[in-house]
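By convention here, the first residue in the shown sequence is residue 1. We count ligands from 1, going down the list as the structure has it; atoms in each ligand are counted the same way.
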Amino acid sequence: MTYDLTGKRIWVAGHRGMVGGAVVRRLASEECEVITAGRDVVDLTDQKAVHAWMAQTRPDAIVMAAAKVGGILANNSNPVDFLYDNLVIETNIAHAAHENDVGRFLFLGSSCIYPKLAPQPIPEDSLLTGPLEPTNEWYAIAKIAGIRLCQAYRKQYGRDWISAMPTNLYGPGDNYDLQSSHVLPALLRKFHEAKQTGAKEVVVWGSGTPLREFLHCDDLADALVFLLKEYSGYEHVNVGSGVEVTIRELAETIAKVVGYDARLTFDATKPDGTPRKLMDSSRLHGMGWNRGRSLEEGIADAYRHFLRAEGVAA
Ligand code: GDP
């Protein structure tokens with residue numbers, strides 16, 4: 001074991017988000033103290049506030065799950081939010097962590113950091129080997145800077161800071177707003193609403209042919225705790241399920257879970273985004289983590305939480 005969590009004070013930055021929430025749930029079964037701070041306590045875009053809070057709190061380790069996130073349309077329409085907010089949050093936290101001698105830092109990126117036409121499955125070393133997918137490059141550039149930031153502190157100051165790159169995530173606490181969400185929660189809501197209203201069709205953006213890989217956020221959290229304990233290295237580590245489906249197949253699986261069979265209509269006026277995005281997670285699997293539920297099981301769990309949040313008994 002590289003890092004023993006016993007007795008450590010671990011700050012989960014972004015605990016109100018889907019990933020941060022999952023990490024807090026997962027850390028509850030470790031012998032550590034979990035620290036969280038809402039926006040009312042510390043505004044992560046405010047450099048002075050972050051430094052003051054960190055100096056006062058002095059965590060031993062940080063899981064950096066705070067970020068401005070969104071789907072294809074939100075990224076495309078609000079580039080400043082995705083580039084500026086993410087850059088400022090990660091630089092504030094990283095530098096305050098360094099100044100306060102935080103020994104362990106786990107930075108989280110995303111699979112969109114890789115070039116649009118990266119080899120598939122995408123290995124870690126394809127980072128910065130080609131142009132990015134333009135629809136989400138704002139977010140990607142900020143996340144690439146975050147990876148480099150961890151590496152820079154490791155190189156210059158010997159910090160044992162690491163980065164993990166999750167594939168497309170879903171699960172409890174996801175964003176179900178149809179304008180800003182990712183595809184899985186969007187289609188879950190669309191099928192749910194079609195079932196309620198008896199609509200004959202469900203609109204799927206794009207052609208339905210792009211391939212995507214999905215991971216339940218609780219499986220990600222389990223992998224992150226594994227990395228926190230076991231991994232020390234300069235290179236970032238991919239975290240994926242290893243299973244990919246077309247957007248059409250995803251829609252069909254969601255239809256099955258929701259229990260409603262509607263005709264799929266493909267809206268060609270909406271972008272497809274990158275044609276394929278499967279991570280090569282063999283490094284992580286080689287280290288010994290290869291747990292995770294099936295897509296159907298995962299969607300069923302997400303749907304149960306969605307119904308609960310909507311006030312419908314599952
Ligand atoms: P991406 O993985 O960064 O491209 O982001 P998304 O999860 O937003 O989109 C993935 C794919 O799903 C794209 O090809 C979208 O066009 C497609 N898609 C189909 N229906 C929807 C929908 O209702 N919402 C979103 N966000 N994407 C959709």
Side-chain angles (χ1 to χ4, degrees), residues 17-19 67-79 81-83 86 108-118 120-122 131-144 165-171 174-195 199 201-217 220 238-241 243-255 257-258 260 262-279 295 298-299 302-303 306:
M18 175 172 65
V19 172
K68 168 84 186 167
V69 296
I72 196 161
L73 208 63
N75 239 280
N76 231 354
S77 359
N78 307 311
D81 298 358
F82 286 87
L83 183 56
N86 283 313
L108 285 175
S110 132
S111 57
C112 70
I113 58 160
Y114 292 115
K116 180 181 172 100
L117 300 175
Q120 304 279 336
I122 312 170
L132 298 165
E133 157 59 39
T135 51
N136 54 26
E137 75 172 308
W138 315 101
Y139 180 75
I141 296 267
K143 288 295 178 183
I144 292 170
M165 296 305 118
T167 190
N168 299 305
L169 301 167
Y170 68 95
D174 208 346
N175 168 18
Y176 285 94
D177 171 72
L178 291 181
Q179 289 309 305
S180 60
S181 66
H182 283 280
V183 58
L184 195 154
L187 293 181
L188 200 52
R189 173 178 284 283
K190 286 182 188 177
F191 273 97
H192 171 72
E193 288 178 355
K195 185 180 179 179
E201 62 166 36
V202 162
V203 176
V204 178
W205 295 356
S207 63
T209 58
L211 286 155
R212 293 289 185 276
E213 176 190 25
F214 299 95
L215 184 71
H216 191 287
C217 60
L220 170 72
N238 287 346
V239 184
S241 60
V243 179
E244 63 180 342
V245 291
T246 63
I247 297 302
R248 176 192 282 274
E249 286 165 344
L250 173 71
E252 290 164 356
T253 308
I254 291 174
V257 169
V258 171
Y260 190 70
R263 188 175 62 246
L264 301 178
T265 307
F266 294 92
D267 178 357
T269 67
K270 294 288 195 304
D272 264 348
T274 196
R276 190 177 177 202
K277 203 160 54 168
L278 173 66
M279 307 262 261
L295 183 60
I299 294 174
Y303 191 43
F306 171 84

A.B. asks: Given Ala74, Ser181, Ala186, which has its nearest heavy atom closest to atom 26 (N) of ligand 1?
C.D. replies: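 Considering heavy atoms of Ala74, Ser181, Ala186, the nearest to atom 26 (N) of ligand 1 sits in Ser181.
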A.B. asks: Suppose I only count heavy atoms of Lys277 and a 4.0 Å limit; which atoms of ligand 1 are within that range?
C.D. replies: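 Once the distances to Lys277 are compared, the set is 1 (P), 2 (O), 3 (O).
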A.B. asks: What distance separates Glu213 CD from Asn238 CG, expressed to the nearest 0.5 Å?
C.D. replies: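 With rounding to 0.5 Å, CD (Glu213) is 8.5 Å from CG (Asn238).
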A.B. asks: Going by atom types alone, do Ser181 and Asp174 pair a side-chain donor with an acceptor below 3.5 Å?
C.D. replies: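 Not at all, the side chains of Ser181 and Asp174 share no donor-acceptor pair under 3.5 Å.
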A.B. asks: What atoms in ligand 1 come closer than 4.0 Å to a heavy atom of Lys190?
C.D. replies: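 What qualifies from ligand 1 is 22 (C), 23 (O).
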A.B. asks: I need the Phe82 CZ to Asn136 CG distance, nearest 0.5 Å.
C.D. replies: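 Going from CZ on Phe82 over to CG on Asn136, the span is 9.5 Å.
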A.B. asks: Using the rule side chain to side chain contact (heavy atoms under 4.5 Å, CB included), only one of Asn168, Leu295, Thr167 pairs with Leu215; which is it?
C.D. replies: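 Going through Asn168, Leu295, Thr167 one by one, the side chain to side chain contact (heavy atoms under 4.5 Å, CB included) with Leu215 is satisfied by Thr167 alone.
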A.B. asks: Looking at Asn168, which atoms of ligand 1 are within less than 4.0 Å of one of its heavy atoms?
C.D. replies: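 So the atoms of ligand 1 that pass are 2 (O).
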A.B. asks: Where the closest heavy atom to atom 15 (C) of ligand 1 is concerned, which of Pro271, Gly206, Gly273, Gly70 has it?
C.D. replies: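 Considering heavy atoms of Pro271, Gly206, Gly273, Gly70, the nearest to atom 15 (C) of ligand 1 sits in Pro271.
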A.B. asks: Starting at CG of Asn78, measure out to CG of Leu83 and round the result to the nearest 0.5 Å.
C.D. replies: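 The distance works out to 12.5 Å.
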A.B. asks: Hey, does Val204 come in under 3.5 Å of ligand 1, counting only N/O atoms on both sides?
C.D. replies: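 By distance alone, the answer is no.
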A.B. asks: Check each of Asp267, Val183, Leu187 against atom 12 (O) of ligand 1 and report the one with the nearest heavy atom.
C.D. replies: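 Considering heavy atoms of Asp267, Val183, Leu187, the nearest to atom 12 (O) of ligand 1 sits in Val183.
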A.B. asks: Considering only non-hydrogen protein atoms, determine which one is nearest to atom 4 (O) of ligand 1 and report residue, atom name and distance to 0.1 Å.
C.D. replies: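 Residue, atom and distance for the closest contact: Arg212 NH2, 2.9 Å.
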A.B. asks: Do me a favour and list the nearest non-hydrogen protein atom to atom 11 (C) of ligand 1 with residue, atom name and distance?
C.D. replies: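 Of the protein heavy atoms, Ile247 CD1, 3.7 Å lies nearest.
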A.B. asks: Could you label the plane-to-plane angle of the Tyr170 and Phe214 rings as parallel, tilted or perpendicular, counting under 30° as parallel and over 60° as perpendicular?
C.D. replies: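 Rings of Tyr170 and Phe214: perpendicular, over 60°.
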A.B. asks: May I ask you to test the Leu184-Ile254 pair for a side-chain heavy-atom distance under 4.5 Å?
C.D. replies: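 Leu184 reaches Ile254 side chain to side chain.
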A.B. asks: Give me the residue, atom name and distance of the protein heavy atom closest to atom 8 (O) of ligand 1.
C.D. replies: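 Result: Ile72 N, 3.1 Å.
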A.B. asks: Any chance you could measure His182, atom NE2, to Met18, atom CE, to the nearest 0.5 Å?
C.D. replies: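 The NE2 atom of His182 sits 7.5 Å away from the CE atom of Met18.
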A.B. asks: Report the nearest protein non-hydrogen atom to atom 14 (O) of ligand 1: residue, atom name, distance rounded to 0.1 Å.
C.D. replies: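 For atom 14 (O) of ligand 1, the nearest protein heavy atom is Asp272 O, 2.6 Å.
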A.B. asks: Between Phe266, Tyr139, Tyr170, Trp205, flag the one that comes closest to atom 20 (N) of ligand 1 by a heavy atom.
C.D. replies: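 The option holding the nearest heavy atom is Trp205.
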A.B. asks: Can you tell if the side chain of Val204 reaches within under 4.5 Å of the side chain of Leu250, non-hydrogen atoms only?
C.D. replies: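 With C-beta onward as the side chain, the pair stays apart.
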A.B. asks: To which protein heavy atom is atom 3 (O) of ligand 1 closest, and what is the distance rounded to 0.1 Å?
C.D. replies: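 It is Asn136 ND2, 3.3 Å.
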A.B. asks: In terms of residue, atom name and distance, what is the protein heavy atom nearest to atom 6 (P) of ligand 1?
C.D. replies: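 Answer for atom 6 (P) of ligand 1: His182 ND1, 3.7 Å.
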